[in-house]
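Every chain is numbered from 1, with letters handed out A, B, ... down the list of sequences.
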There are 2 protein chains.
Amino acid sequence: MSRRHTEVTDQVTDDCPLRDVLAVIGDKWSAQVLVRLGDGPRRFSELERSIEGVSRRMLTLSLRNLERNGLITRTVHPDAPPRVEYATTPLVEEIRGPLEALADWAARHRATITEARREYDLAH
Amino acid sequence: MSRRHTEVTDQVTDDCPLRDVLAVIGDKWSAQVLVRLGDGPRRFSELERSIEGVSRRMLTLSLRNLERNGLITRTVHPDAPPRVEYATTPLVEEIRGPLEALADWAARHRATITEARREYDLAH
DNA sequence: CAGAATCCGGGCCGATACTG
DNA sequence: CAGTATCGGCCCGGATTCTG
């Protein structure tokens with residue numbers, strides 16, 4: 001029971017670890033959320049502003065999913081107006097390195113990949 | 001012209017490198033393909049057998065997309081029966097490390113995450 | 001401010017059938 | 001062997017509207 005209310009993918013069911021990580025942070029926004037939270041706790045609206053193009057809905061969904069998987073915490077401060085802060089758990093520290101390595105890689109080879117794509121499209 | 005025939009996501013359009021990588025290898029199968037090809041070139045059917053659960057269709061789509069982005073090469077040997085081998089390009093070597101780091105992380109914290117999930121579901 | 005609820009189009013992905 | 005073609009379900013994800 002406890003019918004799922006998120007739409008983000010579930011399942012640690014299969015036995016491929018790499019598939020598991022990507023099923024959690026491989027979606028459109030989660031990884032960026034983790035990176036943004038790398039600089040310290042952030043409020044909902046701060047994340048919304050700093051992550052270019054994310055909708056309120058998807059940000060909420062991503063945050064819920066990350067929280068559910070134990071990668072971030074959500075703390076509500078009893079203020080008016082409401083203030084909610086998100087922060088990464090220690091779990092995340094261990095993948096910050098690899099994540100940044102991937103980002104670096106993408107930044108360095110951006111042009112190469114774009115070109116490879118153009119060539120492929122020309123030939124097919 | 002050159003209407004897209006793959007269904008896998010496109011766009012290096014946005015300016016977030018991390019988003020770019022994940023748009024290419026963050027889908028359901030591509031990362032696993034890269035890992036399998038890490039041991040050396042492999043034929044289509046070898047990949048199909050070694051990657052648990054992949055359909056012929058999705059494997060083809062993933063391979064085409066990886067090829068298009070310049071991450072793998074596809075070489076057809078003029079034999080009968082046909083023999084097609086896929087291999088990673090040098091580009092990929094640089095991310096093999098980070099990718100394995102992610103897989104390691106997932107393997108190590110598998111239980112923790114499953115537990116976090118159970119708790120979250122109980123509380124909500 | 002920080003969401004929840006709903007509608008809805010498009011694309012991911014699997015199943016199946018067919019081909020050089 | 002290594003694909004392609006087609007159909008269809010389901011879910012991702014944006015837009016919009018409503019709430020404490």
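Atom CD in A:E48 sits roughly 9 Å away from atom P in C:dC1 (whole-Å rounding). As a whole-Å value, the separation of A:R64 CZ from D:dG13 C1' is 17 Å. If you measure from atom CG of A:L59 to atom C1' of C:dA4, you get 14 Å, rounded to the nearest angstrom. Whole-Å rounding puts the A:R57 CZ to C:dA2 C1' distance at 16 Å. When rounded to the nearest whole Å, the span between CG of A:L61 and C1' of C:dA2 equals 14 Å. Rounded to whole angstrom, the span from the CE atom of A:M58 across to the P atom of C:dA2 amounts to 19 Å. The distance from atom CG of A:D27 to atom C1' of C:dC13 is 17 Å, rounded to the nearest whole Å. Counting to the nearest Å, the P atom of D:dC1 and the CZ atom of B:R42 are 16 Å from each other.
Nearest nucleotide to the B:R56 side chain, out of D:dG13, D:dG3, C:dA2: D:dG3. Of the listed nucleotides (C:dG14, C:dC1, D:dG14), C:dC1 has the atom at the smallest distance from the side chain of A:P81. The nucleotide whose nearest atom lies closest to any side-chain atom of B:R74 is, among D:dA2, C:dA2, D:dG14, D:dA2.
Within 4.0 Å (heavy atoms only), B:R43 reaches sugar-phosphate atoms of the nucleic acid but no base atom. B:R83 comes within 4.0 angstrom of the backbone, heavy atoms only, and of no base.
Other residues, nucleotides and ligands contribute at most 12 non-hydrogen atoms within 6.0 Å of the CD atom of B:E52.
Checking A:P82 against A:W29, the closest nucleotide of DNA chain D that is more toward the 5' end is the one next to A:W29.
Between B:N65 and B:L71, every side-chain heavy-atom pair lies at or beyond the 4.5 Å cut-off.
If you check the side chains of A:R42 and A:Y86, you find no donor sitting under 3.5 Å from an acceptor.
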